[in-house]
Novice: 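Please find one structure pasted underneath; my questions will follow.
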Amino acid sequence: MTVAENLFENLRLELRRGCLTLAVLAQLRREHYGYTLRKDLDERGLEIDESTLYPLLRRLESQGLLLSEWREEEKRNKRFYRLSPEGEQILARLLDEWNTINTSVTRILEQPSAESSK
Amino acid sequence: MELLDRYLQAVKKLLPRRRQDDIIAELRANMESQIEDKESELGRPLTEGEFEDLLRRMGPPVVVASRYQPQQYLIGPTFFPIYTYVMRIALLWAFIVCIIVFAVVLPLTTKEPGNVAGSLFNIPGILIQTAGWITLVFAAIEFASTRYPQMCPPIEGITTKWHPQSLPPLEKNTSPGCKQRSFAQAVAEVFFGALFLAWLLLIPRYPFVILGPGAFYLQASPFALAPVWWTFFWCAVGFNSLQVAWKCVDLARGTWRFPNRLQQTAFKIFGLVPMIVLLTARDHMYVILKNPDADQLRYGQSLDQTNNGIHYGVAVLCTILVLQVAFDLWKWARDGYRLREEAR
C-alpha cells in the first residue's frame, strides 16, 4: 500500500466510523439481531464487517443507547437489540448534526471552485 | 461445524473472562444464521473452502476479540499534547542538569578524567528513566480520568484559566540571512558547549589535554607560561560558561529558534575580553624563565623574540575580532534603518 493509499484508507475509516454508528442507531429503531441488522444495512448499500458491527452493538449497549434481550427465534437463541429511550434522543440530535453537515458540504461542493470562478 | 467451534474457542480465549460466554453465544448465533442463510441461498451445505472464506472474512480471532475490548489509551488525546509538552521540557532540564553535573561540576571535584567521560555515558539512561516516570504519571492520570471522571477536576491553566493575553509575544522578524535553528541544533550547541567547557576545566590538572607531549617538554624546559595565561584561561572559562548558560536559558524559554542578534554580538564582545587580557600583558611577557638568574644570558634573546611574536599574533587576532564586531554592529544598524524605512 502506497503512502497516499494508506492516507486515503485512514481518512475513509475515520469518515465511516461516525456514519456507521448513526446508521446502526437509525436501523435499530426497529428490533434486530446482529446478523439481520448486518443484512439490512448491506441491502441498503452500507456494507459493514461482522467483526466491526457485533462489537459496536455491545459498545452502544454499554453506553446505554441500545437495549438487548436474549430470545428464541427459529429454534435458536438470539440477542435482539433495539434503540433505548436515551438512544432515541441521541439519534435525533445526531441526525440534526448529520443533516447540517450534509447540507453544508453539499453547498460547498456546489459552489464554483476558486479557479473556475476567475 | 468443527471449524466454527475451533474458531469460537480461539476467540473466547482472548475475550474478557466475565463476558466470554455471552459474547460467544451471540457470535455463534449470528454466524450460524449467516451459514444457514448462505446454505439456503445455494441449496446445499457449504463446502469446506466456502466455510473457510466465511471465517476469513470474519477476521483472525485476535482481531475479532480485540474489538470487544473497551477502547483504551495509555495516554489519550486529551492529555497527549500536555504529555508531549511536559516530556520535552522535563527531558531538556534533565539533560541540562546532567551536563552541568557531569561535564562541569565533576571535572572540578574528581581527579580522574575517566570518571567524567564515564558519567557522560550515563546521560541516555537517566533521560530514559525520566521519560519512563513521566509516561507512568500520565498513564495514571489517564486511567483515573477515564475510570473516575467525577473525581478529576479540570486542569487549571490549561482548560479553565487560560487567557489569550497570556500568549507569548510575536517572535521578531530576523534578517534574511538569519536562518531558523532546529531544536536538535540548539541542544547540540549546549551539549558541545558544555563538553568544551569540561575540556577547558581539565587543562589546569592535565595540561597534556591541550599541549599534548609538549606539556612534558615544557615541564622539562627552562621556560614557563607567564601568569597572564591564567587570567586569560579564567576569562575564557567565564566566557564559555556564560555562553552555555545563555543557551540553556534560550532552550528553557523556547527562544532558541532564531539566534538573537543582541546575544550574538554580546558573545563577540565578551569574546574580546580574554584577548584584551593577553594583549595588555605586562611587558608583553607570555613566556618566562623558570630561573631567570641562571638562564637569562643563554635564553634571554630567544625569549624576547618569542614574546614579541606572540604579542604581534595576539594584536592581529584582536584587530580581526574588533573588525568583526564593528562589521556586525554596522550590519545591525543598516538592517534597523531598512526596517524603519519599510515601516514608513
Side-chain angles (χ1 to χ4, degrees), chain A residues 1 9-11 13-21 23-25 27-28 30-44 46-82, chain B residues 1 3-5 7-42 46 50-73 76-77 146-147 149:
Chain A
M1 195 182 270
E9 190 56 25
N10 284 338
L11 292 172
L13 287 175
E14 212 170 295
L15 187 63
R16 264 175 67 92
R17 200 168 293 136
C19 298
L20 287 180
T21 307
V24 166
L25 289 175
Q27 195 64 19
L28 285 174
R30 198 158 61 86
E31 193 179 62
H32 279 286
Y33 73 95
Y35 176 62
T36 53
L37 174 63
R38 185 183 156 264
K39 244 174 66 172
D40 271 14
L41 290 170
D42 201 10
E43 279 165 11
R44 283 163 177 77
L46 193 67
E47 208 175 307
I48 179 167
D49 292 337
E50 294 94 332
S51 59
T52 303
L53 178 64
Y54 303 153
L56 175 64
L57 291 172
R58 291 274 172 162
R59 198 156 53 246
L60 293 173
E61 191 201 10
S62 72
Q63 288 166 349
L65 303 181
L66 299 180
L67 298 172
S68 77
E69 65 169 334
W70 282 98
R71 213 169 54 232
E72 194 177 304
E73 191 192 73
E74 294 166 350
K75 295 178 187 172
R76 188 173 289 132
N77 254 337
K78 290 166 185 170
R79 190 177 187 128
F80 286 86
Y81 292 91
R82 68 173 191 282
Chain B
M1 281 293 178
L3 206 56
L4 177 65
D5 289 333
Y7 182 80
L8 292 175
Q9 176 187 271
V11 174
K12 186 178 176 179
K13 283 185 178 169
L14 300 164
L15 288 171
R17 193 171 289 276
R18 200 162 45 85
R19 300 189 299 152
Q20 274 179 345
D21 293 334
D22 197 44
I23 290 172
I24 291 298
E26 186 184 6
L27 256 184
R28 180 184 289 280
N30 283 328
M31 291 180 80
E32 283 176 353
S33 295
Q34 190 176 351
I35 292 161
E36 269 177 20
D37 218 21
K38 193 83 183 164
E39 286 179 339
S40 68
E41 190 185 305
L42 293 168
L46 292 182
E50 287 166 338
F51 203 86
E52 282 175 8
D53 280 347
L54 189 141
L55 292 181
R56 207 172 288 129
R57 271 205 309 278
M58 186 74 190
V62 65
V63 174
V64 174
S66 72
R67 289 186 178 163
Y68 280 97
Q69 305 283 356
Q71 280 184 319
Q72 278 183 332
Y73 297 103
T146 313
R147 297 289 172 98

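Worth saying up front: this structure is predicted, and the values here are computed from it rather than measured. All heavy atoms count here, side chains included; hydrogens, waters and symmetry mates do not. Within every chain, numbering begins at 1; the chains are lettered A, B, ... in the order of the sequence lines, protein sequences first and strands thereafter.
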Novice: Is A/Thr52 close to chain B through its backbone or its side chain, or both, or neither, when contacts mean heavy atoms under 4.5 Å?
Specialist: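 For A/Thr52, the contact with chain B is made by backbone and side chain together.
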Novice: Does A/Glu31 use its side chain to pair, donor to acceptor, with the backbone of A/Arg82 at less than 3.5 Å?
Specialist: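 It does not hold such a pair.
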Novice: Go through the atoms of B/Leu27 and report whether side chain, backbone, both or neither lie under 4.5 Å from a heavy atom of chain A.
Specialist: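 Contact with chain A involves the side chain of B/Leu27 alone.
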Novice: Relative to chain A, which segment of B/Glu32 carries a heavy atom at a distance below 4.5 Å: side chain, backbone, both, or neither?
Specialist: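 Looking at B/Glu32, backbone and side chain both touch chain A.
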Novice: Chain A heavy atoms under 4.5 Å from B/Ala25: which part of the residue, side chain, backbone, both or neither?
Specialist: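 The answer is both parts of B/Ala25.
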Novice: Would a distance-only check, ignoring hydrogens and angles, find a side-chain to backbone donor-acceptor pair under 3.5 Å from B/Arg19 to B/Tyr68?
Specialist: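 Present.
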Novice: Cation-pi check for A/Tyr33 against A/Arg79: NZ or CZ below 6.0 Å from the six-membered ring centre and within 45 degrees of the axis, yes or no?
Specialist: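 No - A/Arg79 does not lie over the ring of A/Tyr33 by the 6.0 Å and 45° rule.
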Novice: Among A/Arg38, A/Arg58, A/Lys39, which residue has the highest count of heavy-atom pairs closer than 4.5 Å to chain B?
Specialist: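 Looking at each option in turn, the highest pair count goes to A/Arg58.
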Novice: Using the rule side-chain contact (heavy atoms from CB on, under 4.5 Å), only one of A/Thr21, A/Val24, A/Leu25 pairs with A/Leu65; which is it?
Specialist: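 When side-chain contact (heavy atoms from CB on, under 4.5 Å) is applied between A/Leu65 and each of A/Thr21, A/Val24, A/Leu25, only A/Leu25 qualifies.
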Novice: Between B/Met31 and A/Glu50, is there a side-chain heavy-atom distance shorter than 4.5 Å?
Specialist: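 No, too far: nothing below the 4.5 Å cut-off.
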